Participant: 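Take a look at the following structure, please.
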Amino acid sequence: MREDICQEPLLVVNNLTLKHRAMAGSTTILRDVSLNLQRGEILGLIGESGAGKSTLGNAILGLLPPGFERTAGAILFDGKALDGMDERQWDAIRGRRISAIFQDHTASLDPLMTVGAQLEETILATNENVSRQDARTRGVELLRRVGIPEPRERYHSYPHQFSGGQRQRVVIAIALAGTPDIIVADEPTSALDATVQKQILRLLRQLVNETQVSVILVTHDMGVISEIADRVVVMKHGEVVEQDVTSAILDTPREEYTRSLLAAVPRLRISASEDRKEAAENSDGRPSRDEMIESDATAPILLAQDITKTFAGQGLRWFRKNARKSALRDVSVRLGRGAITGIVGESGSGKSTIGRIIAGLETAGEGKLEIDGTSFDISLPGRRSGLLGQVQMIFQDPAVSLNPRMSVGETLQESVRFGSRQPGDEKPNVAVMMDRLGLPRSLLTRYPHQLSGGQKQRICIARALLASPQIIVADEPTSALDVSVQAEIVKLLKESVVEQGVSMLFISHDLALVQELCSSIYIFKEGRVEDAGPAEFIFSHSQNPYTRSLIDARPRRFTR
Amino acid sequence: MMSTVTGRLSQAFLLLLVMSLIGFVGIHSVGNPVYNIVNIETATAEDIRKATIALGLDQPLWRQYVLFIGNVVTGNFGTSYIYHLPAFRLVMSKLPATLELASIAMLIAAPAGTLLGLLAGRRQGKPADSAILKASVFALSIPSFWLSMMLILLGAIMTGWFPSGGRGPTVSLLGQDWSFLTLDGLRQLTLPALALAIPNIALIARLARSGTIEVESQDFTRFCRAKGLSSRRILFRHTLPNISVPIVTIVGMQFGGMLAFAVVVETIFAWPGVGKLLIDSIQLLDRPVVMATLTFVSVAFVGLNALVDLFYALLDPRVRRSA
Amino acid sequence: MKAETILALWKRPMGHGPSLPKFLLGAYMLLAIVAPLIALQNPYDPLQIYGWEASSPPGTVGTGGFMYLLGTDGLGRDIASTILYGLRISLVVSITSTAIGALVGLTAGVSAAYFGKWVDVVIMRVVDLQLSLPTILVALIAIVTLGPGIDRIILALIIVQWATYARIARGVALSEINKPYLDAARLLRLPISRIIFRHLLPNSIAPAITLIPIELGHAVALEATLSFLGLGVPIDKPSLGSAVANGFQYLLTGQYWISLFPGLALFGLIASINFVGEDIRRRLDPRSRSI
Amino acid sequence: MPSLHQFRSTLLAAALATVISAGPLGAAAFAEELRIGTSYKLMTLDPHYADLNENTSLLSHIYERLVNQDERLNPQPGLAISWKRLSETQWEFKLREGVHFHDGSPFTAQDVIYSIERIRDFLKPPSGGFQSYTQAIKSITAPDPLTVVIETNGEAPTLPLSLTSIFIMPHKTDGFATTEELNSGAQPIGTGPYKFQSWQSGEVLKLVRNDAYWGGAPAWSDVTFRIIESPAARVAALTTGDVDVADYIPARDVEGLEQRGLSVESISAARSNFLQFDIGRDEPPGVTGKSGNPIQNPFRDKRVRQALTMATDRAFLAEKILLGYGTAAAQLFPAGLSGTSATLKVEPPDYNGAKSLLAEAGFPDGFNVVLAGPAGRYPGDSESLQAIAQNWARIGVSVQPVVAPFSVFATQRSNGDYPVWYGGCSGEAVTLCLDAVLASPNAELGTGSLNYGKYQNQAFDEMLAKARTLEEGPERNEALARATEFVMADYPILPLYHFHLIVGHGHKVGSYAVHPRGWTTAMQAVPSEE
């Protein structure tokens, strides 16, 4: 290796090839991967699922599960080969030189131990000659540093007593406890809401600047990369596609794959700041509900008024798992004929609950619901209220949205057979629908587990459409999919609404997606409608601080 | 909190009611206890008739039941037909024997099972793991009566190391007689305690093993390793507490089971405990004793469940509500 | 549970390659089926038994002209033949009761999950009550109330077993009910029977299938225990359990063969069932979370 | 099997360890304390509660009777030194002088009156087991403190025999003692050779020597009864030296005990076990023809009963099932006891003869029958049923043996659910069993209480009635023997065996006199010479 006096890389991965041995045979997970990491830089590792980016992260940590085997190449840390070390040698590296942050902040912490104790044991394990007293002082200091308010008081709290963002801060504090040279951050923000995600990324940047720690940031999200990475390594199917400084990757990607990744990221359009100011002068920035509803001249297909739901009521007994901690308060939603209306909110805002109530899967305590002029008693469970069958849904996770014991054909036929049609209506043709959705007819005899995620979600869309509903509720239909697939599905949904003449309620946490699809938007916060209006208005003129904060949390790069 | 207490109580009440009904109807349909009380070889039909009346067995069953419930409310389970002692006192007098047997068995089973389980879980797929797994399948496959017989064959008849049955000399402590305080008493305890412990060791080991694998595959264990903790520390400081909740549950339940129904082991080892009393009383149709035993058992079960819940709260901060 | 593994299991229920437990279990089944053909004596036929040859040690040649390979019991029955015939009873009782118990339990559990409300409350209260008691007690109460006889034992074992299936099936069904595919099914307003039998049941029975071998092992052991306690099969038609019980009294006096050999056979049967069950379970549930 | 010698030496070591751990006190008491492992669980401390060996055996250390019974069941002086019949309805008993209760009070006629009246007038069922012994007593008076005169309702030639069952309690002036009082720890007081010390129900009864006993100081300083119901555990306790005497030793364990140097004594019990047939009903349940069709009651035909008797290998029961600790039975009490026949013999099975008799009776192919019995109530009960099934199969009678716990069996038997069943009878004299099992049911006379099969034989009833009027003695015994021979020729029941009572004891006990009535007491154990 060439001597370089000022920029000796901290970590070098050289032509690394990893295989996984299983009963079925061995699969190559990483092929000929090379990269290096400088001190004090954030190196982004981006790729879709199956790219091998997490495996690489684990290899650097020495935490590969059994069955992995290095067949070529090496990982050099500080000039020493990392692989081939025994557990004892790893103990001297992990925590002290290389540390980690994982995606799931809830699962990263021992639920039975106070945050302080977990910090303390890490400090004691990774530093010599530290007294318990010192460890505590340093622990409190670390908590302060990652931005936990009142660190001394919170020191003795248990993980479940912190919010998600705070837990991830605690995880970062623990990762810092051994003053490591490298932190491997594996999707550190993807379990967090956008606003919190932004704060955590900011914290990471700040820590890198202050301590000169290097970060390997493993992510699938271009937005995250664009926010803080210094350099980016793009990976696909276990191979490095290209690597360069972030701006170069974002602005002038050389490889087709990188370009497609970038193109698939939904972009938020915001009109010029002058327009916004102008609008603010004209109104108080917050249109009233009535205004919203009256603004649509034609009679809506769906009208939900003042829906309130508390979770002491029914529904809990039946569907315990659905009892997310969200109640609804005086929620009103209208959906125009043939329109796509978006519902946006962070987790726990009640956006899914309203969707399920409209579909008749859940009951609500109070409120009125009208579909196509007919009102339904939403306090009765679905079958009795007559609501079931009026609305079809597309769900978030296609993996569990199809009956694993039924073939695709059976599933779709069932939908045709039991769909809600007037007598005399023509039955839709399954094969025609398959063609329209770009699905090969050969899939009809397959079972769900034989399909890819994108295919499954298309089948779900087909199932919903084949039932000939007037309304479809799409509940985060793309968030479990890779970016490239996401874009296709969004396109498909948009086309379907036009072609089939249905109306759609599109529920999402992603502002850009909603903007792309929807004509009007409701912004949910803590079970209430926080802001609402035509998409144009919301993104360009709304002065609602919460709406603004959601927009601001978007990565700059993908906001125009 | 209030609702769990009332829930528990109502469940206990229900359990009691169902058990008493089954006990009543069951014993009634099986036979007439009078034949165990009079000397059938000398008594006249008149004697039998009189005895039936005296025990109230001539009354319609529902009236006997109402009478029984009425008495139970005042804490009176009636007098044993056979032993002519207050039934509940009789049950209580058998309790120390059962208690010490079950305790010793659990004191063997819980630590041994947990350690084996941790070991196997840590060495998943390795020879130690598969050996422990195999052994546990064997241990769980032995019917307890045959295990007891084999223990007698090996531990008593062939080697003569331990007595083949019965309870040893007792020493009085806290107003009860305990046999584990004497050397001989302990020797008498060994075989039956082992017979109770062996399947439980296997059960707990399997539970601990799967718990260990589950916990150690979770992110926080990975995080613990990433943050530089030794695997020993992870095992004892993180894995063990995290798998203890199911273990405490199973220990509690199994202990409850042993306390009440070590029927087979107590019968084979002639151990004068509650389980033996129950099966003897069932065979002798000694209804007051059967009812008192069942009542004690349902109360003990609910009590143990409450205790297990208390343990949860101690072990798991998430369960600890704002006190 | 991965659908592939289930499919694989359907295709090849005994997994790859032979193993000792599989072989043993197969041998047991075979022996039970052909018992009347290969047994040297029908121990249930009083005419074939020579009482005066009671308690002969293994290897004695009796009046019947054949060797008592494993000796005779206190009434002169050939132990080897008793084991073969006892095996039949043990297997018939346990297989029948496990099959019916699973059927009843699954239906009850899935119904409880789907209908909820009072159906759920009633079924699960009974299940909870029953499962809060040790199985041996439930079986004892059942058999004491029901009376003796093979059919009663089967009934008692069904009573003991159904609750476990019901609880498992209900748990699985509840989590299945929450899966979007069932929401989708409900949104189509499918008939209840179609939802239960086409969607819910097929997806809820897989964990219960893994339970079957365990419960089968339990059933064999429980039948043996009941028979051992003298509450089981008729005395003149010993199962493995009562054969062991018959010999218990002779154990202390050195006539070990009367209970040792049936006991070994019983132990081997339960162990091979459990090992095969363990194997099935491991392949259905690679993380072997269940105990 | 591993060597039993090795086992024995280990046991001895264990026994030694017990002694050592018992400390210095234990060593001093060693020679004189007697520990008995008994199957009898003492139910109550009320001596008049239930007429079961379970109670009377243990209570006979504390309480005594006016008349005792020797090993041939003949009456012997107890608290009464002599008795005579004053008239047909009057008996006079002379009481023993110088007898004191454990509390020091003297024994007088008042105590006898008190005890008899307590049974006759005070105790209510279920504590009514003894009332049958006092039913005949009209009045009881005391001409002087050591004489009682008992007047009976009718003739009562066997009154002394009845009194062999009645324990004498010290009288109380303030009314009769209740069972609860006696159970609740109030010290039971009698005149017996041992005094009560403590009692744990179902586990332990402790007694100490009554140094002031009229018959001289008893042999043992302390007696501890450990109630061990499981025979195996009793044997184990004896082998490990935990007890010095153990009763009801299963025959199969005798050999092992003797190999280990323990002694075993046995005697044929004053009782019998037999099969009883339903003779009263036309179509009893549980009997069908070979093709499963209902048939007329075959047991009404003497030839069927005789055939079944001929086909039953009773020697096998005695030799193989009871391992020699049983005597094949041809009558109700073992031959040799008073009132038994010397000529009735058990013949070896004759299957051909039996088969032709059956054919004569109209059952050439035999029939199906349910044979019921209790499980574990008597030695060899359930095994016998299966052995009999093997026997009867040879003459075409297929048997379905059914066993149940005793109380279940007894309930179903009295419900009339069985066609043939296993029964047993015991008592202080053979007349009791003749009356109960073979005499026609007659509520007035109190006969036929065990005659569940409703067997009736008028000629026999008359012979029995005649014998009943005779006083104890050879003449009466002769009459009873003739009646027995007469009735057994009609095969009313199928006597199986008289099982032997087996008692094992260790070296501390020199000899133990087993009593045919099955009592287990310290008085029967004689200390060894050493």
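Proteins come first, then strands; the chains are lettered A, B, ... in the order of their sequence lines, and each starts at number 1. This one's a predicted model, so the numbers in the text were calculated from it and none came from an experiment. Side-chain atoms are counted along with the backbone in the values below, which use heavy atoms only and exclude waters and symmetry mates.
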Participant: Please round to the nearest 0.5 Å and tell me the distance separating atom NE2 of C/H199 and atom OG1 of A/T411.
Facilitator: 7.0 Å
Participant: What's the shortest heavy-atom distance between C/D183 and A/F395, and which atoms?
Facilitator: CB-CZ, 3.5 Å
Participant: Less than 4.5 Å to any heavy atom of chain C: does that hold for the side chain of A/M393, its backbone, both, or neither?
Facilitator: both
Participant: Could you grab the distance from atom CZ of C/R198 to atom CD of A/E410, nearest 0.5 Å is fine?
Facilitator: 4.5 Å
Participant: Do you know the tightest heavy-atom contact between C/L188 and A/A467?
Facilitator: CD2-CB, 3.6 Å
Participant: At their closest point, which heavy atom of C/P191 faces which heavy atom of A/F418, and how far apart are they?
Facilitator: CD-CE2, 3.4 Å
Participant: Work out which heavy atom in C/N203 is nearest to a heavy atom in A/R405; give both atom names and the distance.
Facilitator: OD1-CG, 3.3 Å
Participant: Can you measure from NZ (C/K179) to CG (A/L402) and round to the nearest 0.5 angstrom?
Facilitator: 12.0 Å
Participant: Taking atom CG of A/L388 and atom CG of C/L190, what is their separation to the nearest 0.5 Å?
Facilitator: 10.0 Å
